[in-house]
Amino acid sequence: MSNKVYGVEYTVKNGKGEVVDTNVGGAPLEFISGKQQMIPGFEKAVTEMSVGEEKEVQVPSAEAYGEYNEELTQAVPREQFEGIELEKGMTLYGQGPDGQTVAVIVKDFNDKEVTIDYNHPLAGQDLSFNIKVLSERDATADEVLSGQIGGGSCTTDNNDGSCCGTCGCH
């Protein structure tokens with residue numbers, strides 16, 4: 001299967017029907033198929049559509065950001081958050097073991113410790129996407145090799161929890 005570059009317009013809603021993200025009225029989201037840049041259910045839907053086609057797609061959590069994993073929560077000493085005004089549900093950014101940026105959510109805290117959650121904010125949630133395919137073309141050899149469209153900067157979710165731009169998830 002050859003890699004394709006897709007340009008799409010989308011709106012994503014969570015299980016409660018709340019809009020979580022959209023690029024309608026903005027620049028198209030572009031990604032290279034087969035490079036694991038998008039959640040599996042979203043990519044599968046797009047690759048089965050034609051240019052100009054618009055449809056609503058239900059993506060179960062297993063094909064989105066996975067099931068919620070309780071083991072991805074951790075209690076850490078409160079001192080590590082000195083100078084930060086903590087709020088339940090707030091997102092904090094830190095550095096992972098490989099130097100990558102890691103986002104965590106403050107689940108709870110008290111005077112001694114802070115419980116942080118490494119799960120993606122949409123883990124465990126079934127998602128509903130309204131998708132319109134705006135463009136499709138074969139990816140160039142450079143794009144397939146680098147994973148970057150037109151040799152530019154990353155514009156999609158890396159599907160490993162790191163995100164370097166608009167990725168249809170935030």
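Note that the structure is predicted; figures quoted are calculated from it, not measured.
- Judged purely by distance below 3.5 Å, without hydrogens or angles, the side chains of Glu56 and Gln58 pair a donor atom with an acceptor atom.
- Without hydrogens or angle criteria, Thr140 side chain to Glu143 main chain gives a donor-acceptor distance under 3.5 Å.
- Residues Met49 and Ile131 are in side-chain contact: their nearest non-hydrogen atoms beyond the backbone lie under 4.5 Å apart.
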Go through it in stages, so that I can follow the logic: the residues are Asp108 and Lys88, the test is side-chain contact (heavy atoms from CB on, under 4.5 Å), and I'd like the CA-CA distance, side-chain angles, deciding distance and then a yes or no.
CA-CA 6 Å; Asp108 203 0; Lys88 284 184 187 180; 2.9 Å; yes

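- Under the 3.5 Å distance criterion, the side-chain polar atoms of Asn119 are matched with a main-chain donor or acceptor of Asn69.
- For the pair Asp138/Lys4, a side-chain contact is recorded, criterion being any heavy-atom separation below 4.5 Å from C-beta on.
- Few gaps surround CD on Glu18; more than 12 heavy atoms of other groups in view lie less than 6.0 Å from it.
- Placement of Val57 and Leu122 within a single hydrophobic cluster is found when ILVMFWY residues are connected by side-chain heavy-atom separations under 4.5 Å, directly or transitively.
- The backbone N or O of Ser33 lies less than 3.5 Å from a partner atom in the side chain of Asn3, making a donor-acceptor pair.
- Linking ILVMFWY residues whenever their side-chain heavy atoms come closer than 4.5 Å, directly or via other members, places Val51 and Phe42 in the same cluster.
- When side chains are defined from C-beta on, Leu134 does not count as touching Tyr6, because their heavy atoms never get closer than 4.5 Å.
- Of all non-hydrogen atoms in Ala103 and Tyr93, the two that sit nearest each other are CB-CE2, 3.6 Å.
- Atoms CD and CD, on Glu48 and Glu53 in that order, are 9.5 Å from each other to the nearest 0.5 Å.
- With hydrogens and angles left out, the side-chain atoms of Ser61 and Gln125 include no donor and acceptor closer than 3.5 Å.
- Counting heavy atoms of neighbouring residues, nucleotides and ligands inside a 6.0 Å radius, atom NZ of Lys132 does not exceed 12 of them.
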For Val46 and Val133, what are the C-alpha separation, side-chain angles and deciding distance, and is it a side-chain contact (heavy atoms from CB on, under 4.5 Å)?
CA-CA 7 Å; Val46 170; Val133 177; 4.2 Å; yes

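- Between Asn130 atom CG and Lys13 atom NZ the span is 6.0 Å, to the nearest 0.5 Å.
- Residues Ile105 and Ile116 have side chains not in contact (no heavy-atom distance under 4.5 Å, counting atoms from C-beta outward).
- The shortest side-chain heavy-atom distance between Phe81 and Val76 falls under the 4.5 Å cut-off.
- Residues Glu79 and Lys112 approach most closely at OE2-O, 4.3 Å, considering heavy atoms.
- Contact check for Ile84 versus Leu92: side-chain heavy atoms found under the 4.5 Å cut-off.
- There is no path of hydrophobic side-chain contacts, each under 4.5 Å, that joins Tyr68 to Val102.
- Using a 4.5 Å cut-off on side-chain heavy atoms (C-beta onward), Glu136 and Val5 make no contact.
- For the pair Tyr10 and Leu29, the minimum side-chain heavy-atom distance is below 4.5 Å.
- No more than 12 heavy atoms of other residues, nucleotides or ligands lie within 6.0 Å of NZ in Lys44, so this atom counts as exposed by the packing criterion.
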Go through the steps for Glu43 and Phe31 under the test side-chain contact (heavy atoms from CB on, under 4.5 Å), then give the verdict.
CA-CA 9 Å; Glu43 181 170 330; Phe31 71 95; 3.9 Å; yes

Kindly indicate, with the supporting measurements, whether the criterion side-chain contact (heavy atoms from CB on, under 4.5 Å) is fulfilled by Gln37 and Ile32.
CA-CA 7 Å; Gln37 295 176 333; Ile32 303 169; 3.7 Å; yes

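- Side-chain contact of Gln74 with Tyr118: a donor-acceptor pair under 3.5 Å is present, judged by distance alone.
- Not one N or O on the side chain of Asn23 forms a donor-acceptor pair closer than 3.5 Å with the backbone of Gly26.
- Among all heavy-atom pairs drawn from Ala64 and Pro40, the shortest one is O-CD, 4.1 Å.
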